[in-house]
Amino acid sequence: IRIYCINLNGIKWDNDGGTWPTVRQAMEASNVDIAGFAELNQDVGLYELQSKLDTICKETFQQHQIIMSTSKHKLCRTYKPGGTAAIACNDMTALVKSWSRDRMGRWTSMRSSGFDGKYFTFIMAYQVCHTTTKGTHTAAAQQRASIIEESITAGSLERLTPRQAFILDLKKFIQSSQQAGDAIILSGDFNESMSENNSGIARLACECGLVDIFSIRLGNDISPLTYQKGKKRLDFILISPSLTEA
């Protein structure tokens, strides 16, 4: 199985699907079985947008299944920060047994059958940055509003930050999948390194028993850098140890 994951930094949208045809072409050229995308930056809750993305995929793949997640935050335009997506292509499509969307658009998952009756859950995730951009419609602001609303509904005075809630909720989701017997493939842009102090993603990996496949292959937890001007690796694929040989 070939997995292709990337932070799109937004689908530049127009009536022809913006940059989505280019994304589809990259998937086809790389013979991708599963693709994961972070920061769609479009309101993928809109039917017309979903339909256009799906139609573009049909032009290339014999079969596919696309699952997209976004928050319930409403805007008056298609642009909407955040969001994630996962796509299974061609033969992989038949192996997908179920899928789920995070309620705040922080991750998307697919549960697929593997060999010998075993299952694996693929998760594409996006964690907002430490620094918060001003505005009421940023991904962090959308999540903060949902956290406050949920706390009020539950009668709780606790107010977690979006990053605290992300790690806590994602850990619960992963552990629930593991209890069902699934191996885990967690990919994403986590906006923090595994080696920094108080790294939430490093704690999650430890508590869920996941390993950093890049570190295993490359011998360190630093390279490759996330982007040319950066000095840290903020993107990871963390997997169950049982999958390392694959």
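We count residues from 1, following the sequence as given.
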S.K.: Would you say Leu218 ends up clustered with Ile213 if hydrophobic residues are merged whenever their side chains have heavy atoms under 4.5 Å apart, either directly or through other cluster members?
M.R.: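 Cluster IDs for Ile213 and Leu218 match.
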S.K.: Could you tell me the separation between the CD1 atom of Ile167 and the CG atom of Leu160, rounded to the nearest 0.5 Å?
M.R.: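 Reported to 0.5 Å precision, the distance equals 12.0 Å.
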S.K.: Do Val32 and Ile56 sit in one hydrophobic cluster, given that two such residues count as connected whenever their side-chain heavy atoms are within less than 4.5 Å of each other, even indirectly?
M.R.: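 Val32 clusters together with Ile56.
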S.K.: Taking Thr244 for the side chain and Pro241 for the main chain, is one N or O donor matched with an acceptor at less than 3.5 Å?
M.R.: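 Checked: pair present.
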S.K.: Go through it in stages, so that I can follow the logic: the residues are Leu210 and Gln178, the test is side-chain contact (heavy atoms from CB on, under 4.5 Å), and I'd like the CA-CA distance, side-chain angles, deciding distance and then a yes or no.
M.R.: CA-CA 11 Å; Leu210 304 178; Gln178 290 173 324; 4.0 Å; yes
S.K.: Going hydrophobic residue to hydrophobic residue with side-chain gaps under 4.5 angstrom, can you get from Leu46 over to Ile11?
M.R.: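 Looking at the clustering, Ile11 is in the same group as Leu46.
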S.K.: About how many Å separate CZ of Phe173 and CG of Asp102, when rounded to the nearest 0.5 Å?
M.R.: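 That separation rounds to 9.0 Å.
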S.K.: For Lys52, is there an ion pair with Asp14 - N to carboxylate O distance below 4.0 angstrom?
M.R.: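 Salt bridge: no.
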S.K.: Would you mind reporting whether Val211 and Ile216 have side-chain heavy atoms less than 4.5 Å apart?
M.R.: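 A side-chain contact under 4.5 Å exists here.
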S.K.: Measure from the ring center of Phe122 to the ring center of Trp107 and say whether it is less than 6.0 Å.
M.R.: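 No, the ring centres sit 6.0 Å or more apart.
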S.K.: I need the Gln65 CD to Leu95 CG distance, nearest 0.5 Å.
M.R.: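 Spacing of CD (Gln65) from CG (Leu95) equals 11.0 Å.
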S.K.: Minimum heavy-atom separation for Ser242 and Ala183, please, with both atom names.
M.R.: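 Smallest heavy-atom distance, with atoms named: OG-CB, 4.2 Å.
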S.K.: Provide the closest heavy-atom pair for Val128 versus Ala139 in the form atom of the first, atom of the second, distance.
M.R.: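 Minimum heavy-atom separation between Val128 and Ala139: CG1-CB, 3.9 Å.
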S.K.: So, Ser240 side chain and Leu243 main chain: donor-acceptor pair closer than 3.5 Å or not?
M.R.: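 Absent.
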S.K.: Is there a side-chain contact between Leu238 and Ile184 in this structure, where contact means two heavy atoms from C-beta onward sitting under 4.5 Å apart?
M.R.: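 When only atoms from C-beta onward are counted, Ile184 and Leu238 do not touch, as no gap falls below 4.5 Å.
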S.K.: Is it the case that the side chain of Glu192 and the backbone of Gly200 share a donor-acceptor pair, with hydrogens and angles ignored and the cut-off at 3.5 Å?
M.R.: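 Pair found, side chain donor or acceptor close to backbone of Gly200.
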S.K.: Does the Ser51 side chain pair with the main chain of Tyr47, one donor and one acceptor, at a distance under 3.5 Å?
M.R.: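 No; judged by distance alone, with no hydrogens or angles, the pair does not exist.
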S.K.: Show, in sequence, the C-alpha distance, side-chain angles and deciding distance for Asn191 and Gln127, and conclude whether the side-chain hydrogen bond (donor to acceptor under 3.5 Å, both in side chains) test is met.
M.R.: CA-CA 6 Å; Asn191 280 308; Gln127 177 175 226; over 6 Å; no
S.K.: Please check: side-chain N/O of Thr153 versus main-chain N/O of Glu149, any donor-acceptor pairing under 3.5 Å?
M.R.: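 Pair found, side chain donor or acceptor close to backbone of Glu149.
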S.K.: Is Ile174 reachable from Met194 through a run of I, L, V, M, F, W or Y residues, each pair having side-chain heavy atoms under 4.5 Å apart?
M.R.: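 Same hydrophobic cluster.
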S.K.: Once side-chain hydrogen bond (donor to acceptor under 3.5 Å, both in side chains) is applied, what residue pairs with a partner in residues 88-97 remain, sequence neighbours excluded?
M.R.: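 Sorted result for residues 88-97: empty, none.
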S.K.: Under 3.5 Å, side chain of Gln50 to main-chain N/O of Val44, donor-acceptor pair present?
M.R.: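 Such a contact is found between Gln50 side chain and Val44 backbone.
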S.K.: Run the side-chain contact (heavy atoms from CB on, under 4.5 Å) test on Ile3 and Met124 for me, step by step, so that the C-alpha distance in whole Å, both residues' side-chain angles and the decisive distance to 0.1 Å come before the verdict.
M.R.: CA-CA 11 Å; Ile3 299 174; Met124 184 65 196; over 6 Å; no
S.K.: Kindly check if the number of other-residue, nucleotide or ligand heavy atoms within 6.0 Å of CD (Gln62) is above 12?
M.R.: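 No, not enclosed.
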S.K.: For the residue pair Arg233 and Ser215, establish whether any side-chain heavy-atom pair is separated by less than 4.5 Å.
M.R.: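 Yes - at least one pair of side-chain heavy atoms lies under 4.5 Å apart.
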S.K.: Does NZ or CZ of Arg111 fall inside the cone over Tyr119's six-membered ring, less than 6.0 Å from its centre and within 45° of the axis?
M.R.: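 Yes, Arg111 lies over the aromatic ring of Tyr119.
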S.K.: Examine distances only and state if a side-chain atom of Ser156 and a backbone atom of Glu158 form a donor-acceptor pair shorter than 3.5 Å.
M.R.: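 Between the backbone of Glu158 and the side chain of Ser156 there is a qualifying donor-acceptor contact (under 3.5 Å).
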S.K.: Charged N to carboxylate O under 4.0 angstrom, Lys118 versus Asp182?
M.R.: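 Salt bridge absent between Lys118 and Asp182.
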S.K.: Is it the case that the side chains of Thr84 and Ser69 hold a donor-acceptor pair, with the cut-off being a distance below 3.5 Å and no angle test?
M.R.: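 There is such a pair (donor and acceptor under 3.5 Å, judged by atom type) between the side chains of Ser69 and Thr84.
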S.K.: Below 4.5 Å, heavy atoms only, C-beta onward: do Leu186 and Leu170 meet side chain to side chain?
M.R.: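 Heavy-atom side-chain distance check passes, below 4.5 Å.
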S.K.: Between Gln142 and Pro81, is there a donor-acceptor pair closer than 3.5 Å when you use the side chain of the first and the backbone of the second?
M.R.: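 Yes, the answer is positive, given that a donor and an acceptor are paired below the 3.5 Å cut-off.
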S.K.: I'd like to check Met27 versus Ile87 (side-chain heavy atoms, cut-off strictly below 4.5 Å). Are they in contact?
M.R.: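 Yes. Closest side-chain heavy atoms under 4.5 Å.
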S.K.: Please evaluate residues Asp169 and Arg103 with respect to the criterion salt bridge (charged side-chain N to carboxylate O under 4.0 Å, His left out), reporting the C-alpha separation (whole Å), side-chain torsions for both, the decisive distance (0.1 Å), and the verdict.
M.R.: CA-CA 10 Å; Asp169 291 347; Arg103 66 193 187 282; 3.1 Å; yes
S.K.: So which heavy atom on Ala141 is nearest to which on His137, and how close?
M.R.: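 Closest approach of Ala141 to His137: CB-N, 4.2 Å.
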S.K.: With distance as the sole test, does Ser30 use its side chain to make a donor-acceptor pair with the main-chain N or O of Ala26 at under 3.5 Å?
M.R.: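 Yes: the side chain of Ser30 pairs with the backbone of Ala26.
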S.K.: Rounded at 0.5 Å granularity, tell me how far CE in Met68 sits from CG in Asp43.
M.R.: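 Rounded to the nearest 0.5 Å, the CE-CG separation comes out at 10.5 Å.
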S.K.: What is the distance from atom CD1 of Ile66 to atom CH2 of Trp20, rounded to the nearest 0.5 Å?
M.R.: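 With rounding to 0.5 Å, CD1 (Ile66) is 4.5 Å from CH2 (Trp20).
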S.K.: So, Gln164 side chain and Thr161 main chain: donor-acceptor pair closer than 3.5 Å or not?
M.R.: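 Answer holds: yes.
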S.K.: Take Ile6 and Phe37 through the test side-chain contact (heavy atoms from CB on, under 4.5 Å) and record every step on the way to the result.
M.R.: CA-CA 5 Å; Ile6 190 170; Phe37 303 108; 3.5 Å; yes
S.K.: Minimum heavy-atom separation for Ala165 and Ile147, please, with both atom names.
M.R.: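 Minimum heavy-atom separation between Ala165 and Ile147: CB-CD1, 3.6 Å.
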S.K.: Can you tell me how far the CD atom of Gln42 sits from the CZ atom of Arg77, to the nearest 0.5 Å?
M.R.: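 It is 9.5 Å, given to the nearest 0.5 Å.
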S.K.: Any luck finding a side-chain donor-acceptor pair between Glu196 and Ser193 under 3.5 Å?
M.R.: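 Distance-only check passes for Glu196 and Ser193.
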S.K.: Linking I/L/V/M/F/W/Y whenever any side-chain heavy atoms sit under 4.5 Å apart, do Ile34 and Tyr4 land together?
M.R.: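 No; Tyr4 is not reachable from Ile34 via cluster members.
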S.K.: Return yes when atom NZ of Lys232 has more than 12 non-hydrogen atoms of other residues, nucleotides or ligands closer than 6.0 Å, and no otherwise.
M.R.: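 Atom NZ in Lys232 is not crowded, with 12 or fewer foreign heavy atoms closer than 6.0 Å.
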S.K.: I would like to know whether Phe236 and Ile201 meet side-chain contact (heavy atoms from CB on, under 4.5 Å); could you show each step before the answer?
M.R.: CA-CA 9 Å; Phe236 312 99; Ile201 193 62; 4.0 Å; yes
S.K.: Does any non-hydrogen side-chain atom of Met104 lie less than 4.5 Å from one of Glu150?
M.R.: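 Side chain of Glu150 against side chain of Met104, heavy atoms only: contact under 4.5 Å found.
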S.K.: Go through the steps for Arg24 and Glu59 under the test salt bridge (charged side-chain N to carboxylate O under 4.0 Å, His left out), then give the verdict.
M.R.: CA-CA 9 Å; Arg24 178 206 62 197; Glu59 294 172 358; 2.8 Å; yes
S.K.: Would you mind reporting whether Arg163 and His130 have side-chain heavy atoms less than 4.5 Å apart?
M.R.: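 When only atoms from C-beta onward are counted, Arg163 and His130 do touch, with a gap below 4.5 Å.
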S.K.: Distance only, no hydrogens: is a donor on one side chain within 3.5 Å (strictly under) of an acceptor on the other, for Thr70 and Lys80?
M.R.: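 There is such a pair (donor and acceptor under 3.5 Å, judged by atom type) between the side chains of Thr70 and Lys80.
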S.K.: Evaluate the side-chain proximity of Trp13 to Leu49: yes if any heavy-atom separation is below 4.5 Å, no if none is.
M.R.: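 In contact.
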S.K.: Under 3.5 Å, is there a donor-acceptor pair between the Asp54 and His64 side chains?
M.R.: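 Yes, side-chain donor-acceptor contact under 3.5 Å.
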